[in-house]
Amino acid sequence: MRAIEFQRYGGPEVLTAVAAEAPGPGPGQVSVDVAWAGVNFADLKARSEGYRVPRLPFVPGLEVSGRVRALGPGVTGLSVGQEVAALTEGGAYAEVVVAEAATVFPLPDGMDLRTAAALPTVLPTAYALLHSVGRLQPGGTVLVQGAAGGVGTAVGQLARAAGAGAVYGVVSRAAKAAHAKEYGYDEVFTGDFRQRVREATGGRGVDLVLDPVGGDTLRDGLASLAVFGRLVSFGNASSAEPWSVGPPELYPLGASVSGFSILALAGTAPAELRRLTAAAFAKVADGTVSLPVTAEFALEEAADAHRLMGARTSTGKLLLRVGA
């Protein structure tokens, strides 16, 4: 099979096209003939920093759509040839990938494979951030870092559908603001957003902050919370050094800080992941949420996809065309 791997950490140039043996499923696993693979910022961190890389060489990629190729021992509820989306722990930049059966999801009626490839990480993450971890209530206010990216685009629409009182976004460049505003955001900020959030909320602050960036944005997000507000960290795209937060920052507001990882959920609570994914996919199937695919690349052009995402100019979702 064709695959893209890296044998050392570095820039996009370390991504190399190789011929590899197609993997087969073990007990409780499913192999999938990949049609499309999603590109995520976690793939860039794996390539450059070794994020979640068990050993080298490594084939990156966390999500695919395609057709079931083979079922491992003990797998039920799926059939060979069935169209699915899958969350993986790597290996998605290839013509065949193996995933745990619990993270392989049959497609809802009418959903095409291209759309499905954009969903397995982004949509359940967005749904969990708002509902399971963030506990958004009708009328609550939300501030989202990275509002023009895949998760941010989904969060804006899901928050609006959930009856949020206001949805605010933060983007790295003014050019991304127009994109975010098409997907549920009332206002979109760049630069130092703390004062603008206070002005927009009449000095109150927001009920929920969602942050995939880390570093100083976490501090600024905490400073933007209303009384009894909640901050959820779900990434460290900035690669900033960790910082500590303690009682002096939290108890005056009754604030809480939580973390979230879709891969941690998959590994520890697969039944909950399936519940969240089914609920989230239903929002796409019924038209509540759309995830724009803003760029497509051939599998061999994975390095170009990484360059575009790494430049922080992309919006929406980037896909690799594998077997479509």
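Keep in mind that the numbers below use all heavy atoms, side chains included, and drop hydrogens, waters and symmetry copies.
Contact between Tyr185 and Ala147 at its shortest, heavy atoms only, is CZ-CB, 3.6 Å. When all heavy atoms of Ser48 and Tyr9 are compared, the pair lying nearest together is O-CB, 3.8 Å. In this structure, His179 and Gly316 approach most closely via the heavy-atom pair NE2-N, 3.7 Å. The shortest non-hydrogen separation linking Leu276 to Ala128 is CD1-CB, 3.7 Å. When all heavy atoms are compared, the tightest approach of Arg274 to Ala101 is NH1-O, 3.5 Å. Heavy-atom minimum distance, Leu62 versus Ala42: CD1-CB, 3.8 Å.
Residues that satisfy the side-chain contact (heavy atoms from CB on, under 4.5 Å) test with Ala126, not counting sequence neighbours, are Val151, Ala154, Val155, Leu158.
Using a cutoff of 4.0 Å between basic side-chain nitrogens and carboxylate oxygens, Asp33 and Arg67 are not scored as salt-bridged.
Of the listed residues (Thr103, Thr88, Asn40), just one forms a side chain to side chain donor-acceptor pair (under 3.5 Å) with Glu63, and that residue is Asn40. Among Val206, Leu136, Val209, the single residue meeting the side-chain contact (heavy atoms from CB on, under 4.5 Å) criterion with Val142 is Leu136.
The hydrophobic cluster containing Leu113 does not contain Val104, counting ILVMFWY residues as joined when their side-chain heavy atoms lie under 4.5 angstrom apart, directly or transitively. Val59 and Met1 fall into different hydrophobic clusters, where Ile, Leu, Val, Met, Phe, Trp and Tyr residues are linked whenever their side-chain heavy atoms come under 4.5 Å apart, directly or through other members. Under the 4.5 Å side-chain heavy-atom criterion for ILVMFWY residues, a single connected hydrophobic cluster contains both Phe105 and Met111. Tyr51 and Ile262 end up in different hydrophobic clusters when Ile, Leu, Val, Met, Phe, Trp and Tyr side chains are linked at under 4.5 Å. Val84 and Val34 fall within a single hydrophobic cluster, where Ile, Leu, Val, Met, Phe, Trp and Tyr are joined by side-chain heavy atoms under 4.5 Å apart, directly or via other members.
Although no hydrogens or angles enter the test, the distance criterion places a donor-acceptor pair under 3.5 Å between the side chain of Thr294 and the main chain of Thr315. In terms of modelled atom types and a separation under 3.5 Å, the side chain of Lys176 and the main chain of Arg312 share a donor-acceptor contact. For Thr153 (side chain) and Leu291 (main-chain N/O), no donor-acceptor pair under 3.5 Å exists by modelled atom type. Arg2 places no side-chain N or O within donor-acceptor distance of the main-chain N or O of Ala17, the cut-off being under 3.5 Å. With hydrogens and angles disregarded, a donor-acceptor distance shorter than 3.5 Å links the side chain of Asp207 to the backbone of Thr141. When atom types are taken as modelled, the side chain of Arg52 and the backbone of Glu89 share no donor-acceptor pair closer than 3.5 angstrom. No donor-acceptor pair closer than 3.5 Å links the side chain of Tyr183 to the backbone N or O of Gly152. With hydrogens and angles ignored, the 3.5 Å screen pairs a side-chain donor or acceptor of Arg198 with a backbone N or O of Gly203. A donor-acceptor pair under 3.5 Å is formed between the side chain of Gln157 and the backbone N or O of Ser290. With hydrogens and angles ignored, the 3.5 Å screen pairs no side-chain donor or acceptor of Thr268 with any backbone N or O of Ala266.
Interatomic distance, OG of Ser224 versus CZ of Arg219, reported as 13.5 Å (0.5 Å rounding). Between the CD atom of Glu95 and the CZ atom of Arg69 there is a distance of 9.0 Å, given to the nearest 0.5 Å. Atom-to-atom distance recorded for Ile4:CD1 and Thr16:OG1 is 7.5 Å, nearest 0.5 angstrom. In this structure, the separation between CG on Leu87 and OG1 on Thr277 is 7.5 Å, given to the nearest 0.5 Å. Distance check, rounded to the nearest 0.5 Å: CG of Leu129 to CZ of Arg135 gives 12.5 Å. For the atom pair OH (Tyr127) and CZ (Phe281), the distance works out to 13.0 Å, reported to the nearest 0.5 Å.
Within the 4.5 Å cutoff, side-chain heavy atoms of Arg321 are placed close to those of Trp36. The side-chain heavy atoms of Val170 and Thr217, taken from C-beta on, include no pair separated by under 4.5 Å. Contact of the Asp220 side chain with the Gln145 side chain is not registered, since no non-hydrogen atoms from C-beta on lie closer than 4.5 Å. Phe260 is listed as a side-chain neighbour of Thr125, based on a closest heavy-atom distance under 4.5 Å. For the pair Pro23 and Gln29, the minimum side-chain heavy-atom distance is 4.5 Å or more. The shortest distance between side-chain heavy atoms of Arg47 and Leu15 falls below 4.5 Å. Inter-residue side-chain proximity for Leu218 and Ser233 is flagged as met; some heavy-atom pair is nearer than 4.5 Å. Using a 4.5 Å heavy-atom threshold, the side chains of Leu263 and Thr121 count as separate.
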Walk me through whether Asp186 and Arg160 qualify under salt bridge (charged side-chain N to carboxylate O under 4.0 Å, His left out). CA-CA 10 Å; Asp186 295 288; Arg160 183 64 62 209; 2.6 Å; yes

Report the C-alpha separation of Val39 and Phe297 in whole Å, then their side-chain angles, then the decisive distance to 0.1 Å, and conclude whether the side chain to side chain contact (heavy atoms under 4.5 Å, CB included) test is met. CA-CA 10 Å; Val39 179; Phe297 299 84; 6.0 Å; no

Let me see the working for Glu199 and Arg196 under salt bridge (charged side-chain N to carboxylate O under 4.0 Å, His left out), right down to the final yes or no. CA-CA 5 Å; Glu199 292 171 355; Arg196 296 188 64 187; 5.6 Å; no

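Atom CD of Glu13 has more than 12 heavy atoms from other residues, nucleotides or ligands within 6.0 Å. Around CD of Glu296, the count of heavy atoms belonging to other residues, nucleotides or ligands within 6.0 Å exceeds 12. Counted within 6.0 Å of CZ on Arg230, heavy atoms from surrounding residues, nucleotides or ligands total more than 12; the atom is thus considered enclosed.
Aromatic ring pairs are classed by plane angle as parallel below 30°, tilted from 30° to 60° and perpendicular above 60°; the pair His306 and Tyr93 is perpendicular.
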